[in-house]
Amino acid sequence: MATEPGTLTPIERIRPLQGIGGLLGVEFRIWFPLRAAFLVVAGLIVFGVMYAPWSAAPNPSVDPGFGFLFFGFLTTWSAILLISAASLSEGAVLGEINRGTAGWLVAMPIRRASVIVAKFVAAAAAYAVIIVAAGVLPYPILAGAVNRGGTGFRAGDVVEVTQSPIGMWGRFADLPDLGRYLGMLAAIWATVVFVIAVMMLLGTVLRSRTAVFGLGMVLVGAIVVSAIVGGTSVSATPAGAVRAVLQIAWGNDVALLMPILSSLLLSIVVLGAAVWFFDRRELA
Amino acid sequence: MGGVPVTAAIETRSLRKRYRRIEALRGVDFEVPEGSVCGFLGPNGAGKSTTMEILMGLIGPSGGWASILGDDLDGDGLRSRSRIGYLPQDPSFFPRVKVRGIVRFVARRYLDGPSAALDGKVDETLDLVGLTDLADRRVKALSGGELRRLGIAQAIIGDPELLILDEPSVGLDPEGRHQVLTLLDRLKEHMTIFYSSHILDDVERIADHIVVIDRGEIVEQGPMDRYLGGRGVYQVALAGGNGDGVLRSLEREPWVDAVTPLGGREWRIETPDRTIAESRLMRVLVARDGVRVVSLRPAYRSLEDLYMELVGGLDGD
């Protein structure tokens with residue numbers, strides 16, 4: 001039946017992810033601009049204050065006496081991103097359930113899966129923007145510093161060259177090319193995405209936000225520790241993605257694709273479990 | 001209904017809900033006829049909200065069966081939910097979003113069409129519930145009564161066929177309560193309304209059907225007329241003039257069943273039809289010179305009387 005222009009008609013088509021459009025709009029407004037901007041600025045401050053060429057003091061015992069804390073920046077920033085992902089996703093599902101807004105949403109013609117998927121997609125997209133925005137800017141600064149300083153280091157050269165403001169000597173390996181650097185950022189993002197998916201799952205299963213947060217922190221700790229001590233046995237896991245980033249920053253040549261793909265695949269499996277549990281969760 | 005079968009907007013059979021050791025619903029059976037305004041009554045903890053939450057798919061039943069607008073609860077219920085407006089007992093919305101934004105968000109879930117038409121609909125609905133002045137206020141800054149009005153606005157914005165309201169008048173001042181009742185009175189022409197309330201006067205005023213639940217079981221259900229009937233019983237006190245003459249002439253009226261003296265100058269008048277009685281009684285009483293009506297009050301059974309008989313008392317709120 002033709003509808004008069006300008007009139008409203010009831011929505012009758014039911015889609016697999018019914019209602020996700022509106023929910024994504026709401027979730028994006030939670031992440032953008034303030035929350036995302038805060039994390040970008042935090043990343044840049046960490047770089048600018050602790051690891052940029054103008055902050056890092058040269059090690060007088062090492063010639064040529066100029067360097068930067070490329071490895072230090074990536075480890076610190078990865079940790080900040082993982083911890084922030086766990087902290088900011090802690091109440092995403094359980095907070096909505098406890099407040100009653102989850103019940104309000106699913107009493108409308110909105111699929112329960114849409115609520116979880118919208119939260120996940122928005123958070124994953126926000127971290128992609130945050131990681132690109134705060135991660136790409138240091139690259140030309142570091143590259144410029146290498147060219148100006150003329151260190152002549154090759155991949156694999158690991159020398160203690162700088163001292164950070166907190167008094168730690170950093171290790172330096174030559175900056176990888178931009179494509180590989182972006183691959184490292186993708187690996188960090190894939191790990192963050194996995195943490196977000198796990199936080200969604202915990203929010204659908206547990207009843208205490210403290211428990212969700214606590215387990216999230218345990219997960220982040222486990223990823224970091226496994227990345228450091230896990231060796232090649234963790235390469236097809238999110239810890240393997242972090243390990244690959246650190247290895248490349250250290251000057252070793254390791255594959256990035258496998259840990260990235262396996263982390264994303266695991267995230268999808270975990271997200272599926274979150275949807276399954278949320279579908280059965282009582283929301284009153 | 002002229003022999004046309006009345007279909008049920010809501011139907012439940014042996015609906016049960018158990019929370020560990022507590023049996024919240026113990027085999028609930030009831031029907032809400034399509035096109036009715038059905039008051040859902042019961043003390044606190046009787047199972048009203050639990051029943052509504054099961055109907056809305058927020059919680060799952062432990063057993064039994066329910067159908068809402070022809071859709072079994074076994075399915076995802078999306079098709080029926082697109083035809084239902086719901087106000088929970090404690091409505092909760094995105095706290096940082098403005099009132100207009102919430103209503104618009106809900107409208108988009110139910111209605112398709114150009115933005116201008118949608119905005120017009122949102123404005124119209126906000127006006128209907130008296131929230132026009134607060135349209136640009138954030139939800140977190142609303143009072144309890146304002147939040148409930150917003151809850152009603154978002155429940156009706158999609159032009160639902162069925163409106164499920166859990167205590168719509170709670171937290172409203174007398175004016176707000178009056179507005180809600182007037183609104184429901186207007187909406188009942190277009191949709192089935194199923195609402196729970198502790199305010200029995202409100203239910204008596206607009207409901208044409210009641211379901212009473214107590215301790216997780218339905219104790220009574222049916223059309224309001226079946227319980228309260230159309231029969232009118234009044235108690236009248238007269239002063240001055242020839243009161244006995246007035247009452248004798250009243251006895252002769254075809255719409256009066258009985259006139260019983262109660263002592264002093266008070267009488268009890270029984271009529272088979274309350275509507276006719278209320279339009280004619282006062283006219284007959286004041287028709288004689290010198291007779292003054294000191295008091296005239298209904299003495300028939302109210303919904304509160306019925307409720308007290310069924311449930312054994314109000315629960316204090």
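Proteins get letters first, then strands, A, B, ... in listed order; numbering begins at 1 in each.
When the candidates A/R281, A/R280, A/R99 are compared by the number of heavy-atom contacts under 4.5 Å with chain B, A/R99 comes out ahead.
Interface residue B/R108: only backbone heavy atoms are found under 4.5 Å from chain A. Contacts between B/V97 and chain A at a heavy-atom distance below 4.5 Å are absent for every atom of the residue. Contacts of A/I97 with chain B are absent, with no heavy-atom separation under 4.5 Å from either backbone or side chain. When heavy atoms are compared at a cutoff of 4.5 Å, A/I30 does not approach chain B at all. In this structure, chain A has no heavy atom under 4.5 Å from any part of B/Q89. Heavy atoms closer than 4.5 Å to chain B are found in the side chain of A/R112, but not in its backbone.
Other residues, nucleotides and ligands place more than 12 heavy atoms under 6.0 Å from the CZ atom of B/R13.
The aromatic rings of A/W104 and B/F105 sit tilted relative to each other, their planes meeting at an angle between 30° and 60°.
Rounding to the nearest 0.5 angstrom, the gap separating the CD atom in A/E96 from the OG atom in B/S92 is 8.5 Å. Taking CG from A/L8 and CG from B/D112, the interatomic distance works out to 8.5 Å, rounded to the nearest 0.5 Å. Considering OH of B/Y110 and CD1 of A/I11, their distance stands at 10.5 Å, rounded to 0.5 Å. Atom CD1 of A/I14 and atom CG of B/D76 lie 7.5 Å apart (nearest 0.5 Å).
Closest heavy-atom contact between A/G19 and B/R109: CA-NE, 4.3 Å.
A/E12 and B/R83 are not joined by a salt bridge, as no carboxylate oxygen comes within less than 4.0 angstrom of a charged side-chain nitrogen.
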